[in-house]
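Inspection log for the structure reproduced underneath, given as C-alpha cells.
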Amino acid sequence: MMRSILLAILLLTSPMARAEGEDAGAFDYYVLALSWTPSWCATEGDGRDADQCDTGRGNGFTLHGLWPQYEVGWPSWCRTAHTDPSRRQTAAMADIMGSGGLAWHQWKKHGRCSGLGADTYFDLSRAAYTAVRRPTVLRKLTRPVELPPTVIEEAFLEANPQLGADGVTITCRNGRIAEVRICLSPDLTPRTCAPDVRRDCAAASAVFPPIR
C-alpha cells in the first residue's frame, strides 16, 4: 500500500517524461487534443496572422493532434519507414485542423510515432475527432465568459456519455481555456488518462472567448 502511494506521489510531482527519436509504433494509448480556436488565436494565431483566426471563419474546437502516449511520458519525432505526407495530404486536413501546416507539424512530431502511414494516421485522426461531439452550446456564446474549467469538462461529458471523467482533461493558457484532451486506446475506445495527462487546469476560473 505504502509503495503504491509513493509511486503515485512520484508520478504526480516529477516532470513529465518524454522521449525523442524513438522507433515508431511502440506506445500505450492516444491523447486526442482539441484546441479552442478563439483562445489560440488570442494567444498565438493573431500574432502570426493565421488564416483560421479571420473573423467569420467560425472555428471552434479544432483538432490540435492525435498524440501517441506512454503510461508515463510520450514519444516524439520518431523514426519511421513510412513516407512523409504530400502537401495535398496535409492540406486535406485543414478543414478540421485549421491549416495544412499544423497537419504537417503534427505528423512530424507525433504521427510518425503511431507506426502508421500518413493516410492511415490522418484517417484515424479524423475518425477520432468526428466521434467526439463538441457541445453546441459553447458555439452560441456572443461574448467572453469567465467560468470554472470544470464547466467545459462537464459539457463534454454530457454530450459524450461514453467518456469518463478521468478520461477528459481541460488545459488553460494565459488565463484562457485552451484545450480539451481526451484519452483513447489505440482502437479509439475511451479510456482513463495516465496520471501525467490527468491534470486539469488548476485555475478556479478562466476566460472562454466566443467564436469569431
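We number each residue from 1, following the sequence as shown.
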Kindly write out the residues that satisfy salt bridge (charged side-chain N to carboxylate O under 4.0 Å, His left out) with [X], not counting sequence neighbours, or none if the list is empty.
X	value
R212	D46
D51	none
R191	E71
E44	R48, R173

Inset, instruction - Output every pair passing disulfide (SG to SG under 2.5 Å) with a member in residues 66-127, not counting sequence neighbours, ordered by first then second residue. - result: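 Matches after skipping sequence neighbours: C78-C113.
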Inset, instruction - Return each pair, listed once, that meets disulfide (SG to SG under 2.5 Å) where at least one residue sits in residues 135-184; pairs must be two or more places apart or across chains. - result: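 Applying disulfide (SG to SG under 2.5 Å) to every pair that reaches into residues 135-184, excluding sequence neighbours, yields C172-C201, C183-C193.
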Inset, instruction - Just do the side-chain contact (heavy atoms from CB on, under 4.5 Å) check on R79 and D23 with the steps written out, would you? - result: CA-CA 5 Å; R79 299 183 296 270; D23 290 330; 2.8 Å; yes
Minimum heavy-atom separation for [X] to [Y], with atom names?
X	Y	answer
I211	P38	CA-CG, 3.8 Å
W107	L116	CH2-O, 3.4 Å
P68	W74	O-CB, 3.7 Å
A128	L66	CB-CD1, 4.2 Å
V197	V31	CG1-CG2, 4.0 Å
D200	I170	OD1-N, 3.0 Å

Inset, instruction - Could you state whether L124 and L34 fall into the same hydrophobic cluster, counting links through intermediate Ile, Leu, Val, Met, Phe, Trp or Tyr residues with side-chain heavy atoms under 4.5 angstrom apart? - result: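 Yes: a chain of side-chain contacts under 4.5 Å links L124 to L34.
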Inset, instruction - Kindly work out whether a path of hydrophobic side-chain contacts (I/L/V/M/F/W/Y, heavy atoms less than 4.5 Å apart) joins I177 to V207. - result: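 No, because I177 and V207 fall into different hydrophobic clusters, even though each may have its own neighbours under 4.5 Å.
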Inset, instruction - Determine yes or no for a side-chain-to-main-chain donor-acceptor pair under 3.5 angstrom, with R133 supplying the side chain and E158 the backbone. - result: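 Here the side-chain-to-backbone pair does not exist.
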Inset, instruction - Could you tell me whether a side-chain N or O of S76 sits under 3.5 Å from a main-chain N or O of K109, the two making a donor and an acceptor? - result: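 Not at all, since once roles are kept as given, no pair shorter than 3.5 Å links the two residues.
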Legend entry - With Y30 via ring-ring contact (aromatic ring centres under 6.0 Å, His included) - residues at least two apart: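 Result, ring-ring contact (aromatic ring centres under 6.0 Å, His included) vs Y30: F27.
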Inset, instruction - For F61, check ring-ring contact (aromatic ring centres under 6.0 Å, His included) against everything at least two apart and list the hits. - result: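 Partners of F61 by the ring-ring contact (aromatic ring centres under 6.0 Å, His included) criterion, ordered by chain and then number, come out as W36, F156.
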Residues in side chain to side chain donor-acceptor pair (under 3.5 Å) with [X], at least two apart?
X	answer
T150	none
T62	T37
D95	R126

Legend entry - D49 CG: over 12 foreign heavy atoms closer than 6.0 Å: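 Incorrect, the count does not exceed 12.
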Inset, instruction - Test side chain to side chain donor-acceptor pair (under 3.5 Å) on W40 and E179 and set out the steps. - result: CA-CA 9 Å; W40 180 80; E179 293 193 340; over 6 Å; no
Taking C-beta and beyond as the side chain, do [X] and [Y] meet within less than 4.5 Å on heavy atoms?
X	Y	value
P190	L163	yes
M97	Q52	no
L102	H64	yes

Measure the [atom1]-[atom2] distance between [X] and [Y] for me, rounded to the nearest 0.5 Å.
X	Y	atom1	atom2	result
Y29	T189	OH	OG1	15.0 Å
S35	R181	OG	CZ	9.0 Å
D166	T192	CG	OG1	5.5 Å
T55	R57	OG1	CZ	11.0 Å
R139	N59	CZ	CG	8.0 Å

Inset, instruction - Sorted by first residue and then second, give each side chain to side chain donor-acceptor pair (under 3.5 Å) pair with at least one member in residues 113-123; sequence neighbours left out. - result: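 Of all non-adjacent pairs touching residues 113-123, those that pass side chain to side chain donor-acceptor pair (under 3.5 Å) are Q89-D119.
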Inset, instruction - Using a strict 4.0 Å threshold on nitrogen-to-oxygen distance, state whether D84 and R112 make a salt bridge. - result: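 Looking at R112 together with D84, the answer is yes, because their closest N to O distance falls below 4.0 Å.
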Inset, instruction - Begin with the C-alpha distance, continue with both residues' side-chain angles, and end with the deciding distance and a verdict on side-chain contact (heavy atoms from CB on, under 4.5 Å) for Q106 and W67. - result: CA-CA 8 Å; Q106 289 296 306; W67 305 335; 2.8 Å; yes
